[in-house]
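Below is one structure, written out as structure tokens; the observations come after it.
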Amino acid sequence: MLLLQGALSGVLFGGVYSLMAVGLTLIFGVMRVVNFAHGDMMVWGMYLAFLLATGAGVDPYLAFVVCAAALFVLGFAVQRALVDRILAAPHEMQILLMLGVALVLENLALVAFGPEPTRVRSPLSEATIWLGPVFVDVARLVAFGVASALTLALYLFLFRTDLGRTMRAAADNTYGALVIGTDVRRVYAVAFGVGAACVGAAGALVAPILPFQPPTGLSLSVTSFNIVIIGGMGSLLGAFVGGLLVSVAESLGAVFLKPSLKELFSFSLLILILLVRPAGLFGRRAS
Amino acid sequence: MRWLGALAVLVLLALPAVLGSYATTILILVFFYGFLGQAWNIVGGYAGQLSVGHAAFVGIGGYTAAMLSLEWGITPWIGMFVGGALAAVLGAVIGYLGFRFGLRGFYFVLLTVAFAEICRIAVSNVDAVGGALGLYITFTGDPRQFQFQDGRVYYYIALALMLAATGVVALLERRRFGIYLAAIREDESAAEALGVDTFKYKMLAMVVSSFLTGLGGTFYAFYLFSLQPNAMFGIPLSVEIILRPIVGGAGTLLGPILGSFMLTPLGELSRLYFGQGGHHGLHLVAYGVLLIAVVLFLPQGAYPYLRRFFVGSRP
């Protein structure tokens, strides 16, 4: 029964992990840049939800729209001002640049909000529903629903709208996209913005569930890397499935292992996948 | 150029006589981070293999020396080299897996991060080595226990470490080894096509680099008298180690030292001035901005530009 309960909470929390990883994989898929500041952007989404909840009394389950919009602007700006200049540079330089952005975002949060763990209250986060022998955390259920809906919306955006198709075209063949007159720079900036908006929304959605502090961003980044490597860098389906997998594994790990040992497990899994199948479960080719 | 270097060393040797204890402390940190940066420089700068897990070597080195000293009373002067050797073993394992399986760029970064994090979590969970609370070393002031009443001794040890690592790098740089590493960094496939055993030289670079970094762990532990898993194995320390050589000029002999002279006082002073107001992160914000600026505007780091300015020729 503990197993079932663990798996259920894992799946429900996994929706948010999936959304976070989908954002990372979108950015990587389109411009081959790994967003090392991904988790730190998510933490800013959380703090924004916190500010909206404490300052204006907006419930985080509504505030996620604002958080996503704000993070879109941040992502768009980061791409335009910084990432765009180093797209042709060696990967090491791109990684260092994004590490710099991560340092700035994390520590600005530290300066602004201090090191104490924060949590956003929502009336939903206290409610639970009993389904026979297992209980469902309403907050997790709503987070899962909204996150899955957003992931689906992103999928439809990429496959059903002109801008989404252009984005995939630019990801597939930048030169070809340029030849047919695509404004690739704009597409890149929008892709980065959308990727960041994913964690903006994800951040607001987990803010009532997960207590957070500025260093949380680092572990969220690492978790997103785990997920996209497991799912395959650049694969949307891989990120979605990988998010659920990692979350269930973490949740089951928390049932059977000490909390800190579950991290040990996920890092060991990461090393194994890096060595055995760096393309991930759904990736088409290795680096 | 040579007599300039000798002059600089002489000045550094004489400085503690005139400096106050706070300035001495800052210089100790400058040398120590310069040393760690120089050690990283071998694999990260010269060979171009971006390791973001070097804190693991500091941690292994420090914990080994501390445990040997606390449990068996073995002097850290010996423990230091045992720690370095164990760090080199870990470096060899990481290097073997990363290089044999051909992990490059982001994938290699993740591998190094994952190993460092595994070490951190493992150490936090083993109570025999202090667990999450870490280890504390009682101050005895006994030089045989790597402890000194006079803070200036630490100054000279840190300076010696930095100069020794720089000497090692200077030696390697002039030999084939250094040339091979540069070839691997610039174009690995081409180096391989020309007959360079890239695996062997990357492994060597990793082992030397992790050994030196491991030596630094002992200094860290016995200078601060405490070892915490998060501080000694964590990603923040790995980033600190990388920052200085990148800002100063990765893959150059003096880059890490220059970087440390630029960043360490900046960090310490901003910690002093902003630390009390609760603005703990401000110096790291500055580091981040600097890192971004260096990548965008000085991708080779500061050293090549300074050199061009003084010597007048392209490096």
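Just so it is clear: chains get the letters A, B, ... in the order the sequence lines come, proteins before strands, and each one is counted from 1.
If you tally non-hydrogen atom pairs under 4.5 Å between each of A:M98, A:E106, A:R85 and chain B, the highest count goes to A:R85. Most heavy-atom pairs under 4.5 Å with chain A: of the set B:V239, B:L291, B:V113, B:L290, this distinction falls to B:L291. When each of A:V104, A:V101, A:V222, A:V276 is checked for heavy-atom pairs under 4.5 Å with chain B, A:V104 comes out on top. For the set A:L105, A:L218, A:L275, A:L108, the entry with the most heavy-atom pairs within less than 4.5 Å of chain B is A:L275.
With a 4.5 angstrom heavy-atom cutoff, B:R100 does not touch chain A via any of its atoms. Only the side chain of A:L270 comes within less than 4.5 Å of a heavy atom in chain B; its backbone stays farther off. Both the backbone and the side chain of A:L82 come within less than 4.5 Å of a heavy atom in chain B. Only the side chain of A:I95 comes within less than 4.5 Å of a heavy atom in chain B; its backbone stays farther off. Contact annotation for A:I229: only side-chain heavy atoms (C-beta onward) come within less than 4.5 Å of a heavy atom of chain B. Interface residue A:L97: backbone and side-chain heavy atoms are both found under 4.5 Å from chain B.
Residues A:M42 and A:V206 come closest through the heavy atom pair CE-CG2, 3.8 Å.
B:S209 is listed as a side-chain neighbour of B:H54, based on a closest heavy-atom distance under 4.5 Å. Residues A:E250 and A:N226 are not in side-chain contact: their nearest non-hydrogen atoms beyond the backbone lie 4.5 Å or more apart.
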Pair B:E240, B:Y33 - check side chain to side chain donor-acceptor pair (under 3.5 Å), show working. CA-CA 8 Å; B:E240 288 260 3; B:Y33 282 111; 4.6 Å; no

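Remark: A:R186 CZ is loosely packed, at most 12 non-hydrogen atoms of other residues, nucleotides or ligands lying under 6.0 Å away.
Proximity of the aromatic rings of B:F101 and B:Y107 is defined here by a centroid distance below 6.0 angstrom, and this criterion is not met.
Side-chain N or O atoms of B:S238 include one that pairs as donor or acceptor with a backbone N or O of B:A55 at under 3.5 Å.
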